[in-house]
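Throughout, residue positions are numbered sequentially from 1 according to the sequence presented. Quick caveat: nothing in here was measured; it's all calculated off a predicted structure.
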Amino acid sequence: MAMSKVEHGNILTYVSSLPSDIKDNIIQCMNKWTNGEQAYGYIHPVQVCSNLLALQTRMPFLSDQQTMDLTILKMHLQHKIQ
């Protein structure tokens with residue numbers, strides 16, 4: 001399913017609030033998956049978000065707002081990147 005400019009903008013809004021290393025990782029995975037390069041070992045961006053949220057519950061490293069943004073980002077990505 002193609003992503004509209006509005007949806008892409010919404011996703012980038014949530015990504016922008018995250019620390020730069022996490023932001024870069026999610027954007028790279030997102031770009032690889034939308035370009036069809038998932039066969040090269042890149043995990044799905046939703047899995048990246050899930051892994052980070054699991055880590056957040058064991059060893060908090062994000063602010064409450066960043067955690068909420070990551071959760072919303074995960075929901076957006078589940079619907080847009082197949």
Side-chain angles (χ1 to χ4, degrees):
M1 178 182 301
M3 199 179 317
S4 73
K5 289 185 184 237
V6 172
E7 293 164 335
H8 187 69
N10 287 342
I11 288 171
L12 291 180
T13 298
Y14 292 115
V15 169
S16 68
S17 72
L18 299 171
S20 63
D21 56 337
I22 293 172
K23 174 175 43 177
D24 293 343
N25 190 333
I26 291 173
I27 288 174
Q28 181 181 7
C29 286
M30 213 170 72
N31 290 337
K32 296 295 183 182
W33 271 78
T34 55
N35 291 332
E37 297 181 40
Q38 59 268 32
Y40 299 111
Y42 293 97
I43 63 172
H44 195 283
V46 173
Q47 187 62 47
V48 174
C49 294
S50 295
N51 293 348
L52 290 168
L53 288 168
L55 181 60
Q56 174 70 12
T57 60
R58 291 190 300 273
M59 185 177 70
F61 60 98
L62 298 171
S63 69
D64 290 342
Q65 183 63 50
Q66 288 172 325
T67 304
M68 184 172 290
D69 288 345
L70 186 59
T71 304
I72 295 169
L73 173 64
K74 178 183 169 189
M75 289 187 292
H76 276 286
L77 292 173
Q78 282 175 324
H79 295 291
K80 289 300 154 196
I81 299 180
Q82 303 295 325

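- To the nearest 0.5 angstrom, T13 atom OG1 is 11.0 Å from I72 atom CD1.
- In this structure, S17 and D69 approach most closely via the heavy-atom pair OG-OD2, 2.7 Å.
- The structure places CE of M75 at 12.0 Å from CD1 of I11, a figure rounded to the nearest 0.5 Å.
- A salt bridge (charged side-chain N to carboxylate O under 4.0 Å, His left out) check over residues 17-36, counting only residues at least two apart or in different chains, returns the pairs K32-E37.
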Donor-acceptor contacts under 3.5 Å from residues 49-64 side chains, at least two apart:
residue : atom : partner : partner atom : Å
S50     : OG   : V46     : O            : 3.1
S50     : OG   : K74     : NZ           : 3.2
N51     : OD1  : Q47     : NE2          : 2.7
N51     : ND2  : Q47     : O            : 3.4
Q56     : OE1  : F61     : N            : 3.0
Q56     : OE1  : L62     : N            : 3.0
Q56     : NE2  : L62     : O            : 3.2
Q56     : NE2  : T67     : OG1          : 3.3
T57     : OG1  : A54     : O            : 2.6
R58     : NH1  : A54     : O            : 3.4
S63     : OG   : Q66     : N            : 3.1
S63     : OG   : Q66     : OE1          : 3.4

**Verdict with supporting geometry, L70 and I26, side chain to side chain contact (heavy atoms under 4.5 Å, CB included)** = CA-CA 10 Å; L70 186 59; I26 291 173; 4.0 Å; yes

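- Separation of atoms CG (N10) and NZ (K5) is listed at 14.0 Å; rounding is to 0.5 Å.
- M30 CE to H8 NE2: the interatomic distance, rounded to the nearest 0.5 Å, is 5.0 Å.
- Once rounded to the nearest 0.5 Å, the distance linking CG of L73 with CG of L12 reads 9.5 Å.
- Across T34 and N31, no two heavy atoms sit closer than the pair OG1-O, 3.1 Å.
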